[in-house]
Enquirer: 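Would you mind keeping the following structure in view while I ask a few things?
Heads up: numbering here begins at 1 and tracks the sequence.
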Amino acid sequence: KINSICHTKGFSNFYDPKLLNEVVNIVDNPNLLLIEFDKRFLELPKEIIISTLQNHQRYFPIFNNKSELTNFFVVVANKKDSNNVIKNGNKRVVEARLADAKFFWDKDKSKNLIKQIVKLKKIVFYDSLGTLYDKTQRLRKISGMLADDLNLNKEKIEIAASISKSDLCSDLVNEYPSLQGIMGKYFALSQGFESDVSDAVSEHYLPSGTSSLTPKKPISYTVSIVDKVDTLIGFFLINEKPTSSKDPFALRRSAIGLLKVIIDNKLNFKLRNILKYNIKLFEEQGTKISNKKTESEILIFLNDRIKNILKEKNIKNDIIEASISNYFGDNYYELYKKSFLMNKYILKDIGRNAISSYKRAFNIIEKTGEALSGRPDAVLFRKDEEKHLFEKLNEIRKSLTVKEDNKDYEKLLFNLSEIKTSTDKFFDNVIVNDDNNDIKNNRLELLKMFCNTFNNFINFSKLEGVSWNNLFLALTIKR
């Protein structure tokens, strides 16, 4: 029926399916009424009108074929409206609500967002974590640090972080809580803030759910990152951490959102530095620290959360385990990139060659049971093949020392694959268990160095088919 009305009037048949399901279940004898409200209310931000109609009244806002909001809406009544009593009554209700919203809008948009910051002192963030004013002061300082790390416009980012919560002082957001951030954006635009700063006030809350988009603009994603980090740090510091059954502060969602923002925007930076600085700022503000292991616990928490993201990207379980099992770093885009590439090439010659080379070395050193450092002495090399393998490994290890921004992980994986030629020559021409114990141990150290080099990419020992038992099982299945 809604589609029929839209088709007849030349409107778009766009409507919220969740609202449709909800309305269907509360009426027995549905009767659709197309109602028009005063056009002057279209001067309001469309989100206010949509929220008024959809969230407050369970009405359907109507859009034209250009996806622009119109001054029409559909009401689903539970009986016929022969005298337009229901129609006129609903029109009066909507126009009254919109009139109130317009009053708040006209009043709030003129309030200087910078001056509103001080009013955040009256809004408690959480009992043990101070006020929203305290939070914005931390966000301003942390965002400036991250801006330096990412080589972004520090001044703009600090301004956006400072006013990011100012709209929470407004009557309009008090009336429409779901529009926090969105109203802040409109207030900022009306007061002459640049569009990218204004957008950040709204977009720093993203992603808002599992299927939500992530912010893509530099100022927006920077403020989004520090806001989520600050929330995680705060609640971990006072030991209000999620349990297996409870997560009252949605910290898992914050962590997943943080990781998605980093990965989607391909950001290379040391998160540990941000965590340390954030903890210091809490201490300077007088927060009572109950958990001295906050930094390490958050990194572990993020490692657990990134597993979910990698699964969503259809990365194989053994690759996820190989990527995370011995990861003690804090660059999550780096971790994602290596997992993605291994997943891409694991069933191709590049992946097979790398695994095959690693497997031969790994199974030998695993059987010895000796404690090896992976530091062979070049003076003890007797064969050209072991010298050549040592040189190749050093070339690869050198490429691991460059800055994250300059690392080419795809090329690195290719190099790990191409070393198979040197590995095969080594095993064809060198006897590891030499009669001379020093030479034997040195060759074992070379193989340990070989495995350590591969494990700098991911932990190859966790990949399916690396151990002899897994290989035997795979061959049996294949036959």
Side-chain angles (χ1 to χ4, degrees), residues 1-81 86-102 104-105 167 172-186 199 201-216 220 250 253 256-257 260 312:
K1 289 184 178 180
I2 295 177
N3 289 340
S4 176
I5 290 173
C6 290
H7 179 72
T8 303
K9 298 290 185 178
F11 296 137
S12 167
N13 62 347
F14 172 77
Y15 47 82
D16 187 344
K18 289 183 180 179
L19 178 61
L20 182 63
N21 288 333
E22 184 181 353
V23 171
V24 164
N25 290 320
I26 60 175
V27 291
D28 299 318
N29 186 27
N31 177 38
L32 272 65
L33 306 173
L34 182 65
I35 305 175
E36 182 179 7
F37 61 80
D38 195 319
K39 271 190 175 182
R40 68 189 176 93
F41 292 119
L42 290 177
E43 296 173 2
L44 291 168
K46 64 180 181 180
E47 290 87 353
I48 295 176
I49 300 172
I50 293 170
S51 182
T52 298
L53 296 172
Q54 200 164 275
N55 301 337
H56 290 240
Q57 301 298 129
R58 292 176 178 160
Y59 300 160
F60 294 89
I62 298 298
F63 299 82
N64 63 24
N65 287 323
K66 294 181 181 178
S67 298
E68 298 168 334
L69 184 66
T70 71
N71 62 318
F72 289 90
F73 61 97
V74 169
V75 173
V76 182
N78 204 28
K79 60 182 178 180
K80 290 187 177 181
D81 185 30
I86 299 175
K87 185 174 184 177
N88 292 332
N90 281 288
K91 178 179 179 178
R92 283 195 300 272
V93 169
V94 166
E95 289 188 338
R97 290 196 69 94
L98 291 179
D100 289 342
K102 188 174 187 305
F104 291 139
W105 164 250
D167 65 337
L172 196 52
V173 170
N174 186 51
E175 184 71 17
Y176 296 87
S178 64
L179 298 185
Q180 66 176 17
I182 295 172
M183 287 300 99
K185 169 188 173 180
Y186 284 112
D199 287 340
V201 177
S202 172
E203 293 175 355
H204 85 278
Y205 287 105
L206 298 176
S208 55
T210 53
S211 58
S212 169
L213 297 174
T214 53
K216 294 297 191 295
S220 297
R253 187 176 70 183
I256 290 173
K260 284 186 173 181
E312 286 177 7

Enquirer: As an exercise, state the distance from CG of Leu179 to CD1 of Ile50, rounded to the nearest 0.5 Å.
Expert: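 Nearest 0.5 Å value for the CG-CD1 distance: 9.5 Å.
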
Enquirer: Can you list every salt bridge (Lys or Arg N to Asp or Glu O under 4.0 Å) pair that touches residues 27-51, not counting sequence neighbours?
Expert: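 Output for this query lists Asp38-Arg40.
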
Enquirer: Restricting to pairs with a member in residues 53-81, which pass salt bridge (Lys or Arg N to Asp or Glu O under 4.0 Å), not counting sequence neighbours?
Expert: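 Only Glu22-Arg58 qualify under salt bridge (Lys or Arg N to Asp or Glu O under 4.0 Å).
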
Enquirer: Out of curiosity, Ile48 CD1 to Leu69 CG, how far, rounded to the nearest 0.5 Å?
Expert: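 Interatomic distance, Ile48 CD1 to Leu69 CG, rounded to 0.5 Å: 11.5 Å.
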
Enquirer: Considering residues at least two apart in sequence or located in another chain, which fulfil the salt bridge (Lys or Arg N to Asp or Glu O under 4.0 Å) criterion with Lys91?
Expert: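 Partners of Lys91 by the salt bridge (Lys or Arg N to Asp or Glu O under 4.0 Å) criterion come out as none, since no residue qualifies.
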
Enquirer: Give the minimum heavy-atom separation between Tyr186 and Pro45, together with the two atoms involved.
Expert: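 Looks like CE1-CB, 3.6 Å.
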
Enquirer: Identify, with sequence neighbours excluded, every residue that meets side-chain hydrogen bond (donor to acceptor under 3.5 Å, both in side chains) alongside Tyr176.
Expert: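 With neighbours one apart ignored, the set is Thr52.
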
Enquirer: Under the side chain to side chain contact (heavy atoms under 4.5 Å, CB included) rule, collect the residues that match up with Asn25, sequence neighbours excluded.
Expert: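 For Asn25 there are no side chain to side chain contact (heavy atoms under 4.5 Å, CB included) partners, ignoring immediate neighbours.
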
Enquirer: Please round to the nearest 0.5 Å and tell me the distance separating atom CG of Leu19 and atom CD of Gln57.
Expert: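 The CG atom of Leu19 sits 11.5 Å away from the CD atom of Gln57.
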
Enquirer: Examine distances only and state if a side-chain atom of His204 and a backbone atom of Val201 form a donor-acceptor pair shorter than 3.5 Å.
Expert: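 Between the backbone of Val201 and the side chain of His204 there is a qualifying donor-acceptor contact (under 3.5 Å).
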
Enquirer: Of the non-hydrogen atoms in Pro207 and Pro215, which two are nearest, and what is the gap between them?
Expert: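 Closest approach of Pro207 to Pro215, heavy atoms only: N-CD, 4.3 Å.
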
Enquirer: Listed by chain and number, what are the ring pair (Phe, Tyr, Trp, His ring centres under 6.0 Å) partners of Phe73, not counting sequence neighbours?
Expert: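 Tyr59.
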
Enquirer: Please name all residues satisfying side-chain hydrogen bond (donor to acceptor under 3.5 Å, both in side chains) with Asn78, sequence neighbours left out, ordered by chain then number.
Expert: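 Asn78: no side-chain hydrogen bond (donor to acceptor under 3.5 Å, both in side chains) contacts found.
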
Enquirer: How long is the gap from CG on Leu172 to CH2 on Trp105, to the nearest 0.5 Å?
Expert: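 The CG atom of Leu172 sits 7.5 Å away from the CH2 atom of Trp105.
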
Enquirer: Under the 3.5 angstrom rule, does the side chain of Thr70 hit a backbone N or O of Ile62 as a donor-acceptor pair?
Expert: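 Confirmed, Thr70 side chain pairs with Ile62 backbone.
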
Enquirer: Please report the shortest heavy-atom distance between Gly181 and Asp167, naming the atom on each side.
Expert: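 Closest pair (atom of Gly181, atom of Asp167, distance): N-OD2, 2.6 Å.
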
Enquirer: I would like to know whether Asn29 and Val27 meet side chain to side chain contact (heavy atoms under 4.5 Å, CB included); could you show each step before the answer?
Expert: CA-CA 6 Å; Asn29 186 27; Val27 291; over 6 Å; no

Enquirer: The criterion is salt bridge (Lys or Arg N to Asp or Glu O under 4.0 Å); which residues satisfy it with Arg253, sequence neighbours excluded?
Expert: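 Checked Arg253 against salt bridge (Lys or Arg N to Asp or Glu O under 4.0 Å); zero matches.
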
Enquirer: Show your working on side chain to side chain contact (heavy atoms under 4.5 Å, CB included) between Asp100 and Glu175 and close with a plain yes or no.
Expert: CA-CA 10 Å; Asp100 289 342; Glu175 184 71 17; over 6 Å; no

Enquirer: Going by the rule side-chain hydrogen bond (donor to acceptor under 3.5 Å, both in side chains), which residues pair with Ser212 if we only count those two or more places apart in sequence or in a different chain?
Expert: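 side-chain hydrogen bond (donor to acceptor under 3.5 Å, both in side chains) check on Ser212 returns Ser208.
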
Enquirer: Go through the structure and list residues passing ring pair (Phe, Tyr, Trp, His ring centres under 6.0 Å) with Phe63, not counting sequence neighbours.
Expert: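 In terms of ring pair (Phe, Tyr, Trp, His ring centres under 6.0 Å), with neighbours along the sequence ignored, Phe63 is linked to Phe14.
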
Enquirer: Can you tell me if Leu213 has over 12 outside heavy atoms packed within less than 6.0 Å of its CG?
Expert: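 Not buried by this count: 12 neighbours or fewer within 6.0 Å.
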
Enquirer: Listed by chain and number, what are the side-chain hydrogen bond (donor to acceptor under 3.5 Å, both in side chains) partners of Ser12, not counting sequence neighbours?
Expert: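 Testing Ser12 for side-chain hydrogen bond (donor to acceptor under 3.5 Å, both in side chains), a comparison that skips the adjacent residues, returns none.
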
Enquirer: Show your working on side chain to side chain contact (heavy atoms under 4.5 Å, CB included) between Ile35 and Phe72 and close with a plain yes or no.
Expert: CA-CA 6 Å; Ile35 305 175; Phe72 289 90; over 6 Å; no

Enquirer: Would you please test Phe60 and Val76 for side chain to side chain contact (heavy atoms under 4.5 Å, CB included) and show each step?
Expert: CA-CA 9 Å; Phe60 294 89; Val76 182; 3.8 Å; yes

Enquirer: Contact between Ile49 and Phe37 at the side-chain level, heavy atoms closer than 4.5 Å - yes or no?
Expert: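 Ile49 vs Phe37: side chains touch.
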
Enquirer: Can you tell if the side chain of Val74 reaches within under 4.5 Å of the side chain of Leu32, non-hydrogen atoms only?
Expert: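 SC-SC contact between Val74 and Leu32 confirmed.
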
Enquirer: Measure the CD1-CD distance between Ile182 and Glu203 for me, rounded to the nearest 0.5 Å.
Expert: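 CD of Glu203 is found 10.5 Å from CD1 of Ile182.
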
Enquirer: Does the distance from a Lys or Arg side-chain N to an Asp or Glu carboxylate O, for Glu95 and Lys102, drop under 4.0 Å?
Expert: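 Lys102 and Glu95: not salt-bridged.
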
Enquirer: Listed by chain and number, what are the salt bridge (Lys or Arg N to Asp or Glu O under 4.0 Å) partners of Lys216, not counting sequence neighbours?
Expert: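 By the salt bridge (Lys or Arg N to Asp or Glu O under 4.0 Å) rule, Lys216 matches no residue at all.
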
